[in-house]
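Order of the sequence lines sets the chain letters (A, B, ...), proteins ahead of strands, with each chain counted from 1.
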Amino acid sequence: MAKTMIEFQHVKKDFGNHSVIKDISFEVQGGEIFVLVGTSGSGKTTTLKMINQLFVQTEGDILFNGKKIKDYNLRELRLNVGYVLQQIALFPTMTVEQNIALIPEMKHFKKEDIKRRIDQLLGDVDLDPEKYRNRHPSDLSGGEQQRIGILRAIASEPPVVLFDEPFSALDPLVRNQLQDLVLKLHQKLKNTIVFVTHDMDEALKLGDRIGVMNDGKLLQVATPKEIAQNPENAFVENFFSATVGKNLYKTPIEKIIRTGFEISEPHGTEPIFEINAKDTLEKAFAAMAEVEILKVVDEDKSTVSWVDRASLFRYLSETKH
Amino acid sequence: MRALIQTFAEQKGELGQALLQHIGISVLSLLIAILIAMPLAIWATHHRKVAELLLQVTGVLQTIPSLALLGLLIPLVGIGSVPAVIALVIYALLPIFQSTYVGITEIDPSLEEAADAFGMRRSQKLFRVELPTAMPVIISGIRTGLVLIIGTATLAALIGAGGLGNFILLGINRNDPQLILVGAISSALLAIILSALISVVQRLSIKKMLITLAVLVIGAAGISITRLVMPKTETITIAGKLGAEPDILINMYKDLIEQESPRTKVVLKQNFGETTFLFNALKSNKIDIYPEFTGTVLETLVKKAPTQKTSAHQTYLDAQRLLKQQFQMDYLQPMKYQNTNALVVKKDFAKKNDLKTISDLKNIENQLKGGMTLEFIHRKDGWVGIKKAYELDFPVRSMQASLRYSAIKNGQINVADAYSTDSQIKQLNLTTLKDDQHVFPPYQGAPLMKTSFANKHPQVVKALNRLAGKISESEMQEMNYEVNVQKKSADVVAYQYLVKKGLLKGDGK
């Protein structure tokens with residue numbers, strides 16, 4: 001259904017004599033969130049930066065929208081690929097408004113359109129336009145800065161947006177909020193996102209599909225569920241299982257569902273407890289002391305999935321010893 | 001303090017003019033330096049190896065002493081504002097280049113990466129990201145350059161570019177600390193005010209900054225073009241050496257010429273420099289006339305076979321003939337007084353040691369400490385000749401003209417060279433020692449100009465010749481005293497003398 005937006009064909013990248021990317025091939029589908037996850041030095045950021053050609057591959061081809069990336073006018077390509085940086089890198093001499101307006105201006109959007117869009121975007125990320133429009137980046141908190149960083153990248157609605165470990169410097173609470181924000185904006189804009197992170201939990205939460213990288217190689221490209229249920233090798237398995245024991249009581253139920261530790265709709269008549277997908281295991285444990293099966297619902301109270309004691313225990317037993 | 005305020009008030013008119021000249025030279029130099037150094041530095045940020053080289057070159061340029069640099073430029077571009085501006089530009093290059101280069105290269109690399117990733121053109125990146133981010137650093141470099149320029153520009157007065165340095169030079173010449181302070185304080189204030197103005201500019205956006213810069217450049221260009229294009233009324237430029245006496249003389253020239261030919265505009269350049277400097281200025285048509293002494297002509301300006309002592313009149317005739325032959329210059333009739341070199345001592349010192357002639361110095365040779373001008377020490381008709389003719393040998397230090405008078409007054413030295421018309425001889429109670437071996441040639445003052453100029457301006461020659469044989473030594477000493485000590489202005493003293501002697505019709509000035 002969705003067409004291929006980005007395709008890597010046997011891409012290699014050397015820095016001097018050092019081979020950083022060793023022959024990787026994968027596809028990113030239009031409209032999906034594709035997460036590249038790996039430890040530092042695995043080559044995930046290098047891979048990302050080849051998409052907007054901040055790095056040029058040593059060998060192999062990258063196709064963007066079906067056309068070889070080297071046949072694109074570099075400027076045209078970059079104007080259509082949003083970019084969110086780990087260092088945030090808002091331009092310090094520009095106000096919030098000027099930062100967001102930058103790319104739309106370069107693409108010659110109408111002035112009044114830009115203005116309207118900025119107000120709307122600031123509203124989308126819960127920042128009051130009146131209050132924030134004329135502030136400078138140095139007046140903002142880290143979380144606020146990266147919200148603006150995201151808005152700057154999406155303001156001209158590019159079909160593809162690249163995120164380079166955008167939340168790694170932020171505290172867990174803010175990181176969580178911004179992840180939700182990315183999902184919300186993605187739903188609204190239906191853009192294609194390539195997201196780089198070293199945090200497997202972040203990958204599991206955001207990714208429609210996840211590419212696990214290690215030492216310049218792509219080990220497995222799969223949905224969160226497949227990664228958890230059918231890891232291709234020990235590295236991928238460990239990468240996932242290491243997340244299970246981490247902040248166990250704070251783990252959201254939705255992670256259990258996304259990684260495939262759910263059950264199909266039960267037929268029995270036993271009492272069932274309802275729990276929100278955003279709720280944590282802590283709450284689930286309390287509920288499951290009373291009932292066998294939990295119905296997981298989303299914010300609108302519509303049913304998302306089901307878990308029972310057995311499936312939860314299966315999840316818990318994944319943890320690395 | 002009151003004296004200082006009074007000096008400020010007295011010099012109001014000249015101060016305004018000097019201030020304008022100073023600002024003109026400084027701002028023009030700064031603009032040129034910015035226009036050279038900034039684009040160069042921006043280019044260099046993409047050529048790091050060349051940048052290192054350029055940093056070193058501009059660094060070396062800055063270590064050249066400013067006085068030497070000005071001197072080196074004179075043979076190449078002459079005198080006046082041009083060499084001054086060139087020198088000042090050279091000094092301001094380093095801080096502006098360095099700050100622009102460092103400001104841009106030290107921008108957080110993630111900002112550069114963001115700019116690239118967003119598809120900015122190189123110019124967009126430069127004007128929207130790099131320059132605004134680096135601007136505080138660049139501005140601080142420009143301010144450093146400006147302060148440097150305003151300070152160094154005081155030296156421009158040495159090569160006839162005018163400005164506040166004139167007050168300082170004049171102050172040193174007349175040994176008048178108030179005048180020095182007027183020059184120094186004004187230039188310091190100027191640096192502070194302009195520096196503050198730049199920090200106001202800093203708050204503007206790049207766009208407004210460029211507009212400001214463009215307006216300034218167009219303004220500066222406009223002024224210089226209108227100056228070039230403007231129909232020239234007949235203008236004659238007369239210059240004089242440093243000091244009160246030349247100042248009085250050229251004011252007399254001006255009065256006489258303007259009386260003779262009222263439509264001629266005479267521009268005076270007082271305190272324009274030393275002998276060779278003025279002579280070169282005359283040769284290269286930078287000035288039209290200056291008063292020169294017969295002895296100086298023979299000793300320093302023309303080539304001639306060594307001659308023996310002659311009469312004052314013969315000296316004049318020789319000078320006139322040789323100037324005509326060698327430089328195609330006309331040397332008009334000299335005035336009466338002789339401003340010859342002399343050695344002076346304090347009156348009580350002379351009495352105590354029974355000194356009347358220079359020969360008498362031999363007896364007390366081991367007590368003597370001399371202070372003389374650099375020029376005098378090296379001249380054959382100066383200390384070199386004296387030493388030989390009188391077989392004298394005592395330590396002599398080179399001193400600026402007015403400083404040697406303070407030195408002899410305070411007893412740091414007990415023999416000094418002097419000009420026989422110097423007002424200080426009267427003021428400080430000094431005695432002139434008789435040159436019994438006739439080493440000092442006769443010095444008579446007369447207007448010097450190119451023959452071509454004299455032919456084209458017979459009325460000027462006629463006017464100046466009215467001074468021939470006029471002004472006695474004591475009259476000149478008196479006039480020098482009025483200017484140096486009584487602080488009368490040279491044009492008033494000149495005017496009063498001319499009217500008193502019936503050379504000028506008084507109009508109640």
Quick check: closest heavy atoms across A/Arg75 and B/Gly119, and the distance to 0.1 Å?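 Looking at all heavy atoms of both residues, the closest pair is NH1-O, 2.6 Å.
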Taking B/Val129, B/Leu111, B/Asp108, B/Ile107 one by one, which has the highest count of heavy-atom pairs under 4.5 Å against chain A?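 Looking at each option in turn, the highest pair count goes to B/Leu111.
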Would you please go through residues 81-107 of chain A and name the residues with a non-hydrogen atom below 4.5 Å from one of chain B, in numerical order?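 Under the 4.5 Å heavy-atom cut-off, A/Val81, A/Tyr83, A/Leu85, A/Gln87, A/Ala89, A/Leu90, A/Phe91, A/Pro92, A/Thr93, A/Met94, A/Leu102, A/Ile103, A/Glu105, A/Met106 qualify.
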Using a heavy-atom cutoff of under 4.5 Å, enumerate the residues of residues 41-73 of chain A that contact chain B, numbered in order, or state 'none'.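 Residues of residues 41-73 of chain A touching chain B at under 4.5 Å: A/Lys49, A/Asn52, A/Leu54.
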Examine whether an atom of B/Gln124 lies under 4.5 Å from a heavy atom of chain A, and if so say whether it belongs to the side chain, the backbone or both; otherwise answer neither.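 Only the side chain of B/Gln124 comes within 4.5 Å of chain A.
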Got a sec, which pairs hit ring pair (Phe, Tyr, Trp, His ring centres under 6.0 Å) with one end in residues 93-126 of chain B, sequence neighbours left out?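 Residue pairs passing ring pair (Phe, Tyr, Trp, His ring centres under 6.0 Å), neighbours aside: none found.
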Any residue of residues 132-157 of chain B which, by heavy atoms, sits under 4.5 Å from chain A: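 The stretch touches chain A at B/Pro132, B/Thr133.
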Between the main-chain N or O of B/Ala117 and the side-chain N or O of A/Arg78, is there a donor-acceptor pair closer than 3.5 Å?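 Side chain of A/Arg78 to backbone of B/Ala117: no pair is present.
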